[in-house]
Asker: 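The structure that follows is given in the form of structure tokens.
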Amino acid sequence: MALILALESSCDDSAAALVTSDRQILAQAVVGQNEAHRPFGGVVPEIAARAHVEILPGLVRQVLAEANVAAGEVDAIAATAGPGLIGGVMVGLMAGKGLALALGKPLVAVNHLEGHALSPRLVDPGLDFPYLLLLASGGHCQLLEVRGVGDYRRLATTIDDAAGEAFDKAAKLLGLGYPGGPAVEALAAQGDAGAVPLPRPLLGSPEPHFSFAGLKAAVQRAKASGEHADADIAASFQQAVVDCFVDRTARALRASAAPTLVVAGGVAANRVVRTALADLAAREGRGFSVPPGWLCTDNAAMIGWAGAERFAAGLTDPLGAAARARWPLDEGAEKVRGAGVKA
Ligand code: KG4
Ligand code: ZN
């Protein structure tokens, strides 16, 4: 049994956790920075990085105390090394390196996306490789075949906005503030998902990818028209995203032999998203796994678990490991139009 001390700081959540290789979370803590960023309607990178400097050390002390573990008892330090806002990544990774150096323990430099990708295995011991993963977060919207630790094949990505980014922008247009996802979900529960006709970009397209920019523009027009209740716009927007998820994921499932569909990332905390994808998996005769909501949004338990999986596979990193703003899970994936490539 290995004991991993984990740090997460890639966006606006500071987090620490103590996780074991036999799936116990001995302690974990997440401190969001919503109040600090709210006046700006989105995450301000420098404010986030400065907040991580102030918050992270206390969280490390807190999880060790809560679990009644001495720092010297941990087997490895796992820290997010990217992708994300580079200032925050540098703060957390450097803190991890300092701990590894001082304690004489190995460092595991974790890809934040691998944290999301493996998170379902922390709570679902029966979930074996391979599985088809819909990873929908604030920065990403991808379909990946997860073949093993460190072994990913990207089947689809977004050609413009990420799904969580679309939720955040819709929320801003509706005056709901940041972060948008939970606020849109709550308002949508009071609205009619069929009330506002909104586009479903790339629905039925032979190309495998996602697109959400046109949907955002349509939400803007619906709001400006003054013809619709905000709750109806929120519900119709959420349904449009869900329809795109289901259509694109169904296409990928039919091309994949993976026995299980998995959804992870912040947007997977959304109940309408979870239900629609569970239904899809059932229709397609596949298993289904989604982590609990607290494990979908950013946290350090998933970094600790990815760290435990990598540590078990002998994958530790030198203290010179780089902090990376961009770090795709599938380095060999083709660039798509929208990512600096013209169609
Ligand atoms: O995975 P995550 O916490 O951070 C990133 O790695 O990006 O994802 C954050 C994103 C935000 O865009 C947030 O609005 C969205 O996930 N989100 C949701 C919900 N909870 C968080 N979107 C829709 N419904 C939710 N309940
Ligand atoms: Zn994330």
Side-chain angles (χ1 to χ4, degrees), residues 6-15 17 30-34 37-38 41-43 45 48 80-86 88-89 92 110-120 133-142 144 157-158 161-174 176-189 191 193 210 212 215-216 219 234-235 237-242 244-245 262-277 290-303 305-306 324-329:
L7 304 176
E8 158 61 32
S9 61
S10 65
C11 191
D12 62 337
D13 292 300
S14 310
V30 185
V31 174
Q33 307 169 1
N34 292 340
H37 300 285
R38 185 160 290 136
V43 178
T80 299
L85 301 174
I86 195 65
V89 172
V110 174
N111 182 318
H112 179 86
L113 300 174
E114 184 160 52
H116 281 301
L118 299 178
S119 64
L133 170 69
L134 171 62
L135 202 175
S137 68
H140 295 84
C141 187
Q142 304 189 338
L144 295 146
T157 187
T158 178
D161 295 348
E165 193 181 351
F167 268 93
D168 295 333
K169 286 177 176 171
K172 204 168 177 179
L173 289 167
L174 296 174
L176 295 177
Y178 180 85
V184 170
E185 180 177 2
L187 185 60
F210 296 89
F212 297 107
L215 182 53
K216 175 192 66 189
V219 167
F237 161 80
Q238 180 173 264
Q239 191 57 48
V241 173
V242 167
C244 294
F245 278 174
V262 171
V263 197
V267 183
N270 183 293
R271 270 154 300 200
V272 180
V273 167
R274 298 162 79 91
T275 306
L277 289 156
V290 62
W294 60 264
L295 193 52
C296 291
T297 49
D298 284 348
N299 65 86
M302 70 179 190
I303 303 303
W305 175 250
R324 300 174 64 173
R326 193 181 163 279
W327 187 2
L329 277 180

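Just follow the structure's listing: the first ligand is 1, and inside any ligand the first atom is 1. Since we're looking at a predicted model, the values are computed, not measured.
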Asker: For the Zn ion (ligand 2), count the protein N, O or S atoms found under 2.8 Å away.
Answerer: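 Counting protein N, O and S atoms closer than 2.8 Å to the Zn ion (ligand 2) gives 3.
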
Asker: Hey, is ligand 1 close enough to G164 that some N/O pair sits below 3.5 Å?
Answerer: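 Yes, since at least one N or O of G164 sits under 3.5 Å from an N or O of ligand 1.
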
Asker: Tell me whether N299 contacts the main-chain N or O of T297 through its side chain, where contact means a donor paired with an acceptor under 3.5 Å.
Answerer: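 Side chain of N299 to backbone of T297: a pair is present.
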
Asker: Would you compute the distance between atom CD of Q33 and atom CZ of R38 and round it to the nearest 0.5 angstrom?
Answerer: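 Answer rounded to 0.5 Å: 12.5 Å.
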
Asker: For ligand 1, which atoms sit closer than 4.0 Å to a heavy atom of G139?
Answerer: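 Contacts of ligand 1 toward G139, numbered from 1: 7 (O).
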
Asker: Below 3.5 Å, N or O to N or O, backbone or side chain included: is there any such pair between G266 and ligand 1?
Answerer: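 There is such a contact, yes.
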
Asker: Counting both backbone and side chain atoms, is some N or O of H112 under 3.5 Å from an N or O of ligand 1?
Answerer: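 N/O-N/O distance under 3.5 Å: yes.
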
Asker: Which atoms of ligand 1 sit under 4.0 Å from any heavy atom of G138?
Answerer: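 Once the distances to G138 are compared, the set is 5 (C), 7 (O), 8 (O), 9 (C), 10 (C), 12 (O).
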
Asker: Looking only at protein heavy atoms, identify the closest one to atom 26 (N) of ligand 1 and say how far it is in Å.
Answerer: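 Minimum-distance protein heavy atom for atom 26 (N) of ligand 1 reads E185 OE1, 2.8 Å.
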
Asker: Does the residue P182 have a heavy-atom contact with ligand 1, meaning some pair of atoms that are separated by less than 4.0 Å?
Answerer: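 A heavy atom of P182 does come that close to ligand 1.
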
Asker: Of the protein's non-hydrogen atoms, which lies at the shortest distance from atom 2 (P) of ligand 1, and what is that distance?
Answerer: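 For atom 2 (P) of ligand 1, the nearest protein heavy atom comes out as D298 OD1, 3.3 Å.
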
Asker: Compare all side-chain heavy atoms of F167 with those of P179 and state whether any distance is below 4.5 angstrom.
Answerer: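 Of all side-chain heavy-atom pairs linking P179 with F167, none is under 4.5 Å.
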
Asker: Among V267, T80, D168, D12, which one puts a heavy atom closest to atom 11 (C) of ligand 1?
Answerer: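 Considering heavy atoms of V267, T80, D168, D12, the nearest to atom 11 (C) of ligand 1 sits in D168.
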
Asker: Checking a contact table here: which protein heavy atom is nearest atom 22 (N) of ligand 1, and how many Å away?
Answerer: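 Of the protein heavy atoms, G181 CA, 3.3 Å lies nearest.
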
Asker: Where is the tightest heavy-atom contact between I303 and A6, given as atom of each residue plus distance?
Answerer: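 Of all heavy-atom pairs spanning I303 and A6, the closest is C-CB, 4.0 Å.
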
Asker: State, yes or no, whether a side-chain contact exists between H112 and D298 at a heavy-atom distance under 4.5 Å.
Answerer: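 The answer is yes; the side chains approach within 4.5 Å.
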
Asker: Determine, using heavy atoms of H116 and all atoms of ligand 1, whether some pair is separated by less than 4.0 Å.
Answerer: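 Flag set, H116 near ligand 1.
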
Asker: If we ignore hydrogens and angles and just use 3.5 Å, is the side chain of D168 paired with the main-chain N or O of G180 as donor and acceptor?
Answerer: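 Yes; judged by distance alone, with no hydrogens or angles, the pair exists.
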
Asker: Looking at every non-hydrogen atom in both residues, tell me the closest pair between E114 and L329 and how far apart they are.
Answerer: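 Shortest heavy-atom separation between E114 and L329 comes out as N-CD2, 3.7 Å.
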
Asker: Determine whether V30 and W294 make a side-chain contact, defined as any pair of heavy atoms from C-beta on separated by less than 4.5 Å.
Answerer: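 Not in contact.
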
Asker: Side chains of S14 and S9, heavy atoms from C-beta outward: is any pair under 4.5 Å?
Answerer: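 S14 does not reach S9 side chain to side chain.
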
Asker: I want to know if ligand 1 touches D13 in the polar sense, i.e. an N/O pair below 3.5 angstrom.
Answerer: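 N/O-N/O distance below 3.5 Å does not exist for this pair.
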
Asker: Should L277 and V290 count as side-chain neighbours, where that means a heavy-atom distance under 4.5 Å?
Answerer: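 When only atoms from C-beta onward are counted, V290 and L277 do not touch, as no gap falls below 4.5 Å.
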
Asker: Among all protein heavy atoms, pick out the one at the shortest distance from atom 24 (N) of ligand 1; state its residue, atom name and that distance to 0.1 Å.
Answerer: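 For this ligand atom, the closest protein heavy atom is N270 ND2, 3.1 Å.
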
Asker: Any side-chain heavy atom of D12 sitting closer than 4.5 Å to one from N34?
Answerer: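 Result yes, sub-4.5 Å side-chain heavy-atom pair found.
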
Asker: Tell me, please: is C296 in heavy-atom contact with ligand 1, that is, under 4.0 Å?
Answerer: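 C296 counts as a contact of ligand 1 under the 4.0 Å cut-off.
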
Asker: Run the numbers for me: atoms of ligand 1, each under 4.0 Å from some heavy atom of T297, listed by number.
Answerer: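 Every atom of ligand 1 under 4.0 Å from some heavy atom of T297: 3 (O), 21 (C).
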
Asker: To the nearest 0.5 angstrom, please state how far the CZ atom of R324 sits from the CG atom of N111.
Answerer: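 R324 CZ to N111 CG: 7.5 Å, rounded to 0.5 Å.
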
Asker: Could you give the distance from CH2 (W327) to OG1 (T80), rounded to the nearest 0.5 Å?
Answerer: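 One gets 9.0 Å once the value is rounded to the nearest 0.5 Å.
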
